Amino acid sequence: MRNFDYHAPASLDAAVALIGDKEDGKLIAGGMTLLPTLKQRLAAPSDLIDLAGVAELKGIKREGDEIVIGAMTCHADVAASDVVKSAIPALASLAGVIGDPAVRHRGTIGGSIANADPAADYPGAVVGLNAKIVTNKRVIAADDYFIDLFETALEQGEIITSVRFPIPERAAYQKFRHPASGYAVVGVMVAKFGADVRVGVTGAAGSAFRASDFEAALSENFSADAIKGVKMSPDGLLSDIHCTNEYRAHLVGVMARRAVAEA
Amino acid sequence: MGQFGIGQPLRRKEDPRLLRGEGRYTDDVNVDGQLWAAFYRSPHPHADILSIDPAPARAAPGVAAVFTIADLDADGVPDMPCEVELSDLSGRPMWKPMRPILARGRVRFVGECVAIVLAATQAQAREAAELLKVEYAPLPAVADSESALAADAPVLWEALGSNVPVHWQNQDSAPVDAAMAAAAHRVRVRIVNNRLVPSPMEPKAALAAWDAQAAKLTLWAPTQGGRRIQANIAKRYLRLEQDQLRVISQDVGGGFGMRGQTYPEFVAVAWAAKQIGGAVKWRADRTETFFSDYHGRDQVNEAEMGLDSDGRMVALKIVTLVNLGAYMAENGPRMPIEGGGRIIPCCYHAPQFHFSVKPVFTNTVSTDTYRGAGRPEANFLMERLMDEAARATGLPREEVRRRNYITQFPYRTPMGYVIDSGEFARGMDDALRMAEWSTFEERRTEARARGRLRGIGVAAFIEAAGGRAPTEDMRVRVDAEGAVTVFSGSHAHGQGHDTVFSQLVNEFLGVDPDRVRLVQGDTDVTPRGSIGTFGSRSSMMGGGGLKASCEKIVAKATLVAAHLMQAEPAAVRFETGVFRAGASETTFSEVAAAAWDARRIPEGMTPGLDESCLFQREAENFPNGCHVCEVEIDPDTGTPEIVRYVAIDDCGVVLNPLIVHGQVYGGVAQGLGQAMVENALYDADGQLVSATYMDYGMPRAHHMAHVEAGFNTTPCRTNPLGVKGAGEAGACGAPPAFIGALVDALRDHGVTHIDMPATPEKIWRAINRANAPA
């Protein structure tokens, strides 16, 4: 790890000012990705701006038909939240299968979504549940947010403040863990909003995406059988030494069926 | 005997200290004024070094020195040898390269040390190491042993002219070929025994401090003993008397065989400290541990077994390639031959046996000993052959094994080793009974109704323990208060010697285990002839030396007791800590106090109660066992789940069942790691692509099942305690038991073998390939 200046702003405004001010500053939320990257000297920012002290970024509440989760809320709090469990149990259960207990008590929803690791779980929920990403500047729709590997619609200096999840009629998340890392090889969030069905897939490609063929079939008939014959093309999906793109394509179908069955 | 003696499940004495974080590992030690070292390592798998410019690194903040091979050569530091001697059938000896401590003119694997940088802080040293300017001319590289045999493969050692330093064979193949040709059944397997990265919790580290006044260097490093490293580094590399180097390894966070070697980093750090006349500390990070600790396994085995019409083996032929890596590590080529070959054909009698081994150089980290050191590979291929033999003959898997078990002891193996004892069929019967083998088909049917594929596997295995160095030095000192200190040549790095040696002292001297203290891992204090711990040797070697030392203590104490009780020594009996002669008695503590008092001992006796023994073993011992594994597979994803695991082990007389079971569990976890998820993978260009735990899978709690463990005790006939080693058994039993179960689960899909690690995708593909219309 190389030297950097550390800042602990107490307000969002102060954090925004700091990130705008520093030559090569970086925001740190839970640090679950950034800290290992720093330790491996793969990144060497001049300044770290720690959002842990910004109280307005924390907390979980229900506002009308939405669950609003502050960006600095850790996964364990989402998993244990009665508000989340009663409104979107699938989201609580997703938060409960991220990483391990240590990660769940440090890692945050805002950090996960800003980092946009292709194998992270939350992006599947953001896309599958049609969440809105609220920043200090604007509100970004789920479908416009994830762009590619570690790439999002966030602009330089833009800070996620909260994520707003519409409450679905039914939803479920199914994840197939990577044999080595434990990350999602494939994670599928299926959510039914009246006649609309959304299928958010994480892990399989460079960024989370909607499986539109599955959505169409499920909109007709919300049952596991309805998507039995739907195949995901392996083209463009990720491959690594443990799981090829073909296997990932197959797993999208398996996880989607299991999610529908559970929802 | 007694509440705390042999066979009692005494809880581990060392655990509270270690669990509270009170262990003292190398990185816990610091010396005032120490410099930190960092290594500059090769990013290339194979390249000529055109030039090294250390100037930018030397100019970096905090840097005290930068050394390359030029500096070591100027000081006459020799290169590192391989200690293995082999020759081919014509008697031509194996060609052996030397390994320079730092690369000289060429790098041969990614991570090879090129330079060592010393700076005031660790961060400065690492920063400066990145500034070193090295100009390379990359060469083509080869990473796997089969590719390295190709006529046009890159050659690592021009002086050798190929990548094969010897073609070793146990004998000419003609008699085996003839027997094979006449066999009623012939079965073949081809096995890729996957390369593993040993993963101790403690990364490699070293702290060396030169004391000019005493003309003595102290080296703290994680080792499995220290005495061999002391002799090596002092005499060979630093040209010191052996005792001018003190090696300390108090606590070590995992040995597994790859902490026994003299690594080039240890030599470089020790040399640098002496060179600057100060202290130098180095600690590898995890990535360096992946790139520089010797790896394990990495064999390709082609094996054929011939059987008669009754299913009895008539011939066995094994052709093995072992990937040595770029250099020959201390034990590298020994693994398949002396390491594993000496127990082949494992639990079975083979009238004819041909064994061919080619060690192969590749542009990878060297391979060396890793838990089992050749025996897991040997047992795995024999058990895969046995399952194939069952298929070919139509015999049940347990029956074909039963017909081939060795039953007459002592038994001389084809490689000339003598197995003293074993009850292989009894152990298998116990395991099958405990695992409810006979009713398995009901469970298979029930699982099928749930959409799951269920299978069961059985694996018999044999180990060889306490081989190689035939001695161990142990010392027992009883102080005047009757407390005991054991100065141990054996070295615990997880084995629980503190507990077990205390039990032995309790057994032989009647002293409470809480009053026994273990001193280990310090060459200034441990006995001169100490060797250390490897190859599951310490129960026999350390235990044997301890028993003999205690017997000397009792012999002398008996004379003192006789003197105190005014009895004839022959009339004195010692039992549970009390000396008795007729109606008189005196306790061990009273005798110990007298023994140190020159006025209270027989005339001519030297005061004290301090005895040692350089124990010499009669033979090595042969632990064995039978494991049964039951799995269920989710056919949609290929995910296997172990639903039952039974381990019956014969490790001779059990000194502490808690500790032996713990070693079995650990070994099983390590074996399942290899079988399910671990894989050190190089790409074709020689880059290690599984260089972090994001890509290198480790066994986790959910891979394991509860292990139902039991003993099939057959006391060893060739050592005083009747013990057999226990440390490596699990790693031998688990891979074939698990893979056997998988193959059984998939038998209706036409699957006969799955190479390790059997990841979900591999299993899913096996199911679907089999399902595909022909």
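The shown structure was predicted, so the numbers you read here are calculated from the model rather than taken from an experiment. Numbered from 1 within each chain, the chains take letters A, B, ... in sequence-line order.
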Under 3.5 Å, is there a donor on one side chain and an acceptor on the other for [X] and [Y]?
{"X": "A:E151", "Y": "A:S207", "result": "no"}
{"X": "B:N679", "Y": "B:Q674", "result": "no"}
{"X": "B:E130", "Y": "B:Y40", "result": "no"}

With a 4.5 angstrom heavy-atom cut-off, which part of A:F176 approaches chain B: side chain, backbone, both or neither?
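Just the side chain, heavy atoms under 4.5 Å.
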Under a 4.5 Å heavy-atom cutoff, which of A:A180, A:P179, A:G253 has the most pairs with chain B?
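Result: the option with the highest number of such pairs is A:A180.
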Leading residue by heavy atom contact count with chain B [cutoff under 4.5 Å; candidates A:Q40, A:E246, A:H250, A:H178]
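Looking at each option in turn, the highest pair count goes to A:H250.
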Top contributor to chain A contacts, counting heavy-atom pairs under 4.5 Å, from [options]:
{"options": "B:T692, B:T637, B:D683, B:L681", "value": "B:T637"}
{"options": "B:Q122, B:M694, B:R286", "value": "B:M694"}
{"options": "B:R126, B:E127, B:M698", "value": "B:E127"}

Taking side chain as everything from C-beta outward and backbone as N, CA, C, O, which of these in B:P760 sits under 4.5 Å from a heavy atom of chain A? Side chain, backbone, both or neither.
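For B:P760, the contact with chain A is made by backbone and side chain together.
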Side chain / backbone / both / neither for B:R700 at chain A, heavy atoms under 4.5 Å
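For B:R700, the contact with chain A is made by the side chain alone.
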A:D121 backbone acceptor or donor facing A:Y183 side chain under 3.5 Å
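Not a single qualifying donor-acceptor pair exists.
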If we ignore hydrogens and angles and just use 3.5 Å, is the side chain of A:R210 paired with the main-chain N or O of A:V201 as donor and acceptor?
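Absent.
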Which is it for B:F109 and B:H44 under the ring pair (Phe, Tyr, Trp, His ring centres under 6.0 Å) test, yes or no, and what are the steps along the way?
CA-CA 7 Å; B:F109 69 94; B:H44 292 283; over 10 Å; no
